[in-house]
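Below is one structure; the comments refer to it alone.
What you see is a predicted model, and the numbers here were worked out from it, not measured in a lab.
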Amino acid sequence: MEKVCPICNALAEVDEKCPLCGNRLADGGSLQNYLGSYSPYVESSTIQLDISEHYCVHLLVCENCHYDTRMAWKLIDV
C-alpha cells in the first residue's frame, strides 16, 4: 500500500470556511510545492516541514478577503 494525500489526489475536497468573512477557503496547494522549483518531485521524507511524515500541509486561501492559513491532512492508504 501507498500513503497519499487525499487533497493532492482529489480523493477529498477542502471544506473549510474563512474565519474572517465566511467564504469557502480555496486550496492553494501543498506547502511542499512552494519550497523550490523541484520540490514537488522530491521525496517528501527529505523535506523538513516541522510536521509528521504522515501528514500533508496545504495552504488555504480566501479569495474574498485574502486570509490564508495552513491545514494538515492525514495521509491515507490506497
Worksheet item: Roughly how far, to the nearest 0.5 Å, is the NE2 atom of His58 from the CG atom of Asn33?
Response: 8.0 Å

Worksheet item: Do the side chains of Val57 and Met71 join up, straight or via other hydrophobic residues, at under 4.5 Å, putting them in one cluster?
Response: no

Worksheet item: To the nearest 0.5 Å, what is the distance between CZ (Arg24) and CD (Glu13)?
Response: 5.5 Å

Worksheet item: Checking side chain to side chain contact (heavy atoms under 4.5 Å, CB included) against Leu60, which of Asp68, Ile7, Val14 comes through?
Response: Val14

Discussion item. Could you tell me if the side chain of Ile76 sits less than 4.5 Å from the side chain of Asn9, heavy atoms only?
Written reply: no

Fill in: Nearest atoms (heavy-atom pairs only) where Tyr34 meets Gly29
CE1-O, 4.2 Å

Worksheet item: Within a strict 4.5 Å, meaning less than it, do heavy atoms of the Pro19 and Tyr67 side chains meet?
Response: yes

Item to complete: Considering non-hydrogen atoms only, spot the tightest contact between Asn23 and Asn64 and give its length.
Response: ND2-CB, 2.9 Å

Fill in: Nearest-0.5 Å distance that lies between atom CD in Glu63 and atom CG in Leu25
9.5 Å

Response to the item:
When rounded to the nearest 0.5 Å, the distance separating CG of Asp27 from CH2 of Trp73 is 6.5 Å

Discussion item. Walk me through whether Ser30 and Cys5 qualify under side-chain contact (heavy atoms from CB on, under 4.5 Å).
Written reply: CA-CA 9 Å; Ser30 171; Cys5 171; over 6 Å; no

Item to complete: Could you list the residues that satisfy side chain to side chain donor-acceptor pair (under 3.5 Å) with Lys3, not counting sequence neighbours?
Response: Asp77

